[in-house]
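Input: a single structure, listed below in structure tokens.
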2 protein chains.
Amino acid sequence: MEILIDIDDPIPLFTQLISQIKEAVIKGELKPGTQLPSIRQLANDLELNSKTVAKAYRHLERDSVIQTRGYRGTFVHPDAVANSAVDLNALVLSKIGEVIEACRDAGATDSEIRIAFGDAMNQRPLRRN
Amino acid sequence: MEILIDIDDPIPLFTQLISQIKEAVIKGELKPGTQLPSIRQLANDLELNSKTVAKAYRHLERDSVIQTRGYRGTFVHPDAVANSAVDLNALVLSKIGEVIEACRDAGATDSEIRIAFGDAMNQRPLRRN
DNA sequence: ATATGTACCGTTCGAGGTAATGGTACATCT
DNA sequence: AGATGTACCATTACCTCGAACGGTACATAT
């Protein structure tokens with residue numbers, strides 16, 4: 001398989017990586033159990049910072065597309081094919097969209113909704129990126 | 001009644017105005033039916049831009065705390081006392097808070113939620129401030 | 001003519017967030 | 001010793017957004 005990263009693309013680099021790996025899994029170019037290159041290795045090949053690749057791997061593991069086994073390397077998850085098709089962002093987007101519409105119907109202004117959103121994000125415990 | 005606006009206060013000026021007028025209504029200093037100063041007049045008195053006062057009036061009218069009758073002036077709404085106590089922002093805040101928590105439980109990252117929020121705000125028709 | 005609320009164009013400033021980068025360090029296993 | 005994933009510190013640049021401001025214009029009614 002081959003991965004192409006476009007630095008000029010407005011889409012974040014780590015997002016491009018995630019998408020391409022998921023696509024490779026769906027196309028069958030990456031089969032469950034296959035070992036993936038290490039973070040540092042892939043960062044070298046694609047001329048990316050290791051943090052960027054690590055971020056992509058972190059997301060992919062959360063989505064159960066890959067499995068990281070510490071010093072033993074990273075592998076394609078057994079259920080990778082199914083999990084690659086799941087679009088968490090779409091779910092989040094629809095959920096939030098509904099609430100926004102509800103708030104607007106209630107008479108709230110966009111700026112009020114934005115402020116409330118910012119407050120709500122801060123009031124609850126923080127999370128990693 | 002008297003209104004004091006603090007420019008150094010991090011709270012937006014139009015928000016300070018809204019709060020103080022609502023408080024005056026609740027305290028009984030502003031009674032239903034009372035005519036309020038015009039936007040330009042109040043802007044002069046408080047040394048604010050007329051847009052700032054207009055924005056505050058716009059919000060107050062949406063909340064049915066005041067009634068604007070065009071060239072005839074602006075008056076305190078008959079149900080102003082009750083409506084001043086209603087806190088729309090609190091409702092919006094709790095609604096959004098619930099959704100954020102749900103999204104986080106679903107495994108979404110804060111940054112993903114923020115991006116989804118931004119997208120959701122843009123995908124749907126725009127509104128005034 | 002004057003005042004009213006309203007609406008549009010624009011700009012400036014600051015805060016906050018994301019993305020990406022760098023460096024360093026750790027415990028773990030081969 | 002070397003590689004692994006992971007974690008912390010930091011900075012930089014870019015962008016978006018809110019807030020406030022200025023100017024101008026409009027239809028309406030007094």
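Each chain gets a letter, A, B and so on, in the order the sequences are listed, and its residues count up from 1. All heavy atoms count here, side chains included; hydrogens, waters and symmetry mates do not.
Two residues, G73(A) and K51(A), neighbour DNA chain D, and the one matched to the more 5' nucleotide by heavy-atom proximity is G73(A). Between T15(A) and S50(A), the residue whose closest nucleotide on DNA chain C is further toward the 5' end is T15(A).
Between S38(B) and the phosphate of dT4(C), there is a side-chain N or O to OP1/OP2 separation shorter than 4.0 Å. Considering only side-chain N and O atoms, T52(B) lies nowhere under 4.0 angstrom from the phosphate OP1 or OP2 of dA19(D). In this model, the phosphate group of dA19(C) is approached by a side-chain N or O of K55(A) to a distance below 4.0 Å at OP1 or OP2. OP1 or OP2 of dG5(D) lies within a sub-4.0 Å distance of a side-chain N or O belonging to T74(A).
Going from atom CD1 of I39(B) over to atom P of dG5(C) covers 5 Å, rounded to whole Å. Between the CG atom of D110(A) and the C1' atom of dT16(D) there is a distance of 14 Å, given to the nearest Å. The nearest whole Å value for the distance from the CZ atom in R69(A) to the P atom in dT6(D) is 13 Å. In this structure, R40(B) places its CZ atom 10 Å from C1' of dT2(C), rounding to the nearest Å. The interatomic distance linking D119(A) (CG) with dC17(D) (C1') rounds to 14 Å, in whole Å. Regarding I115(A), its CD1 atom lies at a distance of 14 Å from the P atom of dC17(D), rounded to whole Å. For the pair R72(A) CZ and dT6(D) P, the interatomic distance rounds to 12 Å; values are reported in whole Å. The distance between atom CG of L13(B) and atom P of dC13(C), rounded to the nearest whole Å, is 17 Å.
Taking a cutoff of 4.0 Å between a charged side-chain nitrogen and a carboxylate oxygen, E61(A) and R69(A) do not qualify as a salt bridge.
E61(B) comes within 4.0 angstrom of sugar-phosphate atoms only, judged by non-hydrogen atoms across all strands, and of no base.
Looking only at distances, a side-chain donor or acceptor of Q20(A) sits under 3.5 Å from a matching main-chain atom of L4(A). With hydrogens and angles ignored, the 3.5 Å screen pairs no side-chain donor or acceptor of N83(A) with any backbone N or O of V65(A).
When the nucleotides dA29(D), dA20(D), dA19(C) are ranked by their closest atom to the side chain of Y71(B), dA29(D) comes out on top. Here dA19(D) is the nucleotide among dG5(D), dG5(C), dA19(D) with the atom lying nearest to any side-chain atom of F14(B). The side chain of N122(A) approaches dG17(C) more closely than any other nucleotide in the set dG17(C), dG22(C), dT6(C).
Relative orientation of the F14(A) and H59(A) rings is tilted, given thresholds of 30° and 60° on the angle between their planes.
Checked options N44(B), D45(B), L17(B), L13(B); the residue passing with V53(B) is L17(B) (criterion: side chain to side chain contact (heavy atoms under 4.5 Å, CB included)).
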